[in-house]
Structures are given as C-alpha cells and as structure tokens.
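Everything on this sheet refers to the single structure shown next.
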Amino acid sequence: MITSTGAVILSVQGVPIRLLEVDGWTLLFARGVMSAPGLFVFFLLVERTGWRGQLRAMGLAGVMVAVLFALDNVMFIYAITNTSVANTLLMINLSPMFAGLLTRIVLREAVPRRTWLAIGGASVATVVILLGSLVSGDLAGTLAALVAAVAVGGTLVVLRSRPALNLVPAVAIGAGLVGLIGLTVASPASASPRDWVLLVLIGLLIVPVAFGLIATGPRYIPAAEVALLSLLQTVLGAFWVWIAVGEAPHGATVAGGLMLILVLATHSVATLRNLDAKG
C-alpha cells in the first residue's frame, strides 16, 4: 500500500509538466531545489525520534542512493521533454527487471517466480512501446527513459540492502544534486507566475510525498516488487495526460499499456494467493 500510494501520486505529475511553458533544464532545477527540502520534511515527519542517528548511519548507501536518484531524474526529465509522457513512463517498466537482476547479483536475495514472470510480461510490453517510438522518431527520449529505468532499479536495490535505515534524506540529497545540475543552464526568469504555481505543485507536494513513499517500500518488500508496483504510474500517468491535455498515446503505447495492466493484475492476484497459502 505504501508503494502503490506513492506510484498513484507520482502518476499525476505528467499533467502539470505538460502544462508548463519552461525548458526542461528549468523544470529540472525547480523540481530538484523544491523537492529536496520537501523530502527532508517527509523524513522528519516519519522519523520523529532518532532521526539524527538515521542521518549518521547512511554512509556509502546514502551516497549511492543520492547519485542514482540524481541520474534517474536527469534522464527522466530529458526523456519526458523529448518524447511523449506515455512513452517515457512506459519505458520505466524495465526497472523491475533491472531491480530483480541486481537483487540476485548483489543481495543474493531470491526473487519469487511470479515476479520474474511479471517482469517478463512487462519487458514484452516495453518492446511494443519501443517499436512505436521508432516509428514516431523520438528514440533519443525513449533511450533516456531506459537509462532512468536502470537507475531506478539500482536505487531500489540499495534501499533494500539497508532495510533498518530510512534513506529518504539520501533521496533529498539526490534531488538537491538534480537542482544544481539544472541550475547550470536553467532560466528561472523565463517562468511565468502560472508556471511557478505548477512548479511548486510538482516540487513541494507531488514529488516529495510520492518519492518518500516509494523509497520506504524496499524496507518491507523486495526491490523488484517495489519497482513492479511503481509501474502503476506508467498507465495512470498516460491516462491523466490524455484526459487533461488531450495527448492521445500512440497505438503501440495503448497496446503496451493494456498488456502492463494485465501483468500487474495477474501478479497482484498471485501474490495475494501466496500470502493466503502461508497465512
């Protein structure tokens, strides 16, 4: 529920992003600068006692989370401004595969067969989306989303490796790095008052709450399952943009999205049955 709620909240950000009239780097700067303190506030609200000890214990894991989160965000913003929101979000569905592979290699943690089957189904859906992007001529943006997917998988595995720690502050540091990267070429003065309202909505509300919840997920369930549940944002994000701004997805995107819904639904039912069998 923690991860799924974060994914649903995150799915909304595609709408204000599409309504913005600023360049991608300005979006990157504002999103990072505002979400960093927002994430830290989220951390303090969750860890009301002992938060100082949590900060001191982050160590190398915190550094890795910060760097991977920054890479994910830079690639995501590049992708979403160079291809459709639907293509960007649906390419992220490769993140469970990378999370599963890294979990086996790095953590030696078993990934349930049902999760591997679901990852395989999500990968087939990804191929369908990629074929659609080749036709529409926005391959660079789609490949950037693929790099983001690798970074997402790596971030979740590092979070999973330290379940006793709340590494949301490391995510906040990563967001701050994103803001600094964007600042190098951003044009904040180009944003209108309407743009700033949308940027505040994204940076101070949507991103901190969504990523705070998703970053908490690996403390309780395997990284691959967190990544798989996070794919809710891909289908919902494309749907919200379609409804709000009329950006109709490519036929291949619709087909891949329907496949993804079926995969997630099947995986959820299998997981619940497994819990019942154990219970």
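The first residue in the sequence is number 1, and the count goes up from there. Bear in mind the structure is a predicted one, so any value in this text is a computation, not a measurement.
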Could you check whether any side-chain heavy atom of [X] comes within less than 4.5 Å of a side-chain heavy atom of [Y], counting everything from C-beta outward?
X	Y	result
Leu55	Phe43	yes
Ser187	Phe29	no
Arg31	Val178	no
Trp240	Ser11	yes

Side chain to side chain contact (heavy atoms under 4.5 Å, CB included) involving Leu44 - partner list, sequence neighbours excluded: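 Partners of Leu44 by the side chain to side chain contact (heavy atoms under 4.5 Å, CB included) criterion, ordered by chain and then number, come out as Phe40, Trp51.
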
Would you give the length of the straight line joining atom [atom1] of [X] to atom [atom2] of [Y], rounded to the nearest 0.5 angstrom?
X	Y	atom1	atom2	result
Ile9	Leu213	CD1	CG	5.5 Å
Leu156	Ser161	CG	OG	11.0 Å
Ile214	Ser4	CD1	OG	9.5 Å
Gln13	Phe76	CD	CZ	4.5 Å
Leu10	Ile202	CG	CD1	10.5 Å
Leu27	Trp25	CG	CH2	11.0 Å

Please find the pair of heavy atoms, one from [X] and one from [Y], that lie closest to each other, and give the distance.
X	Y	result
Thr26	Ser190	OG1-OG, 4.3 Å
Val168	Leu39	CG1-O, 3.5 Å
Ile173	Ala66	CG2-CB, 4.0 Å
Leu68	Gly154	CD1-C, 3.6 Å
Asn82	Gly141	CB-CA, 4.0 Å
Val15	Ala244	CG1-CB, 3.7 Å

Keeping the roles fixed (side chain from [X], backbone from [Y]), state whether a donor-acceptor pair exists under 3.5 Å.
X	Y	answer
Arg160	Pro218	yes
Asn73	Phe69	yes
Arg219	Leu159	no
Arg162	Ala61	no
Asp195	Glu21	yes

Check step by step if side-chain contact (heavy atoms from CB on, under 4.5 Å) holds for Ile206 and Leu201. CA-CA 6 Å; Ile206 296 175; Leu201 175 63; 4.0 Å; yes

Ring pair (Phe, Tyr, Trp, His ring centres under 6.0 Å) with Phe42: which residues, sequence neighbours excluded?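 Partners of Phe42 under the ring pair (Phe, Tyr, Trp, His ring centres under 6.0 Å) test: none.
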
Partners of Tyr78 by ring pair (Phe, Tyr, Trp, His ring centres under 6.0 Å), sequence neighbours excluded?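 Not a single residue meets the ring pair (Phe, Tyr, Trp, His ring centres under 6.0 Å) criterion with Tyr78.
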
For residues [X] and [Y]: do they belong to one hydrophobic cluster (side chain heavy atoms under 4.5 Å, members Ile, Leu, Val, Met, Phe, Trp, Tyr)?
X	Y	answer
Val74	Leu180	no
Val197	Leu199	no
Leu19	Ile17	yes
Leu117	Ile221	no
Val33	Leu177	no

Distance only, no hydrogens: is a donor on one side chain within 3.5 Å (strictly under) of an acceptor on the other, for Asn166 and Gln54?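 Gln54 and Asn166 do not have a side-chain donor-acceptor pair below 3.5 Å.
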
Quick check on Met64: does its CE atom have over 12 non-hydrogen neighbours (other residues, nucleotides or ligands) under 6.0 Å away?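 For Met64, atom CE is not crowded (no more than 12 foreign heavy atoms under 6.0 Å).
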
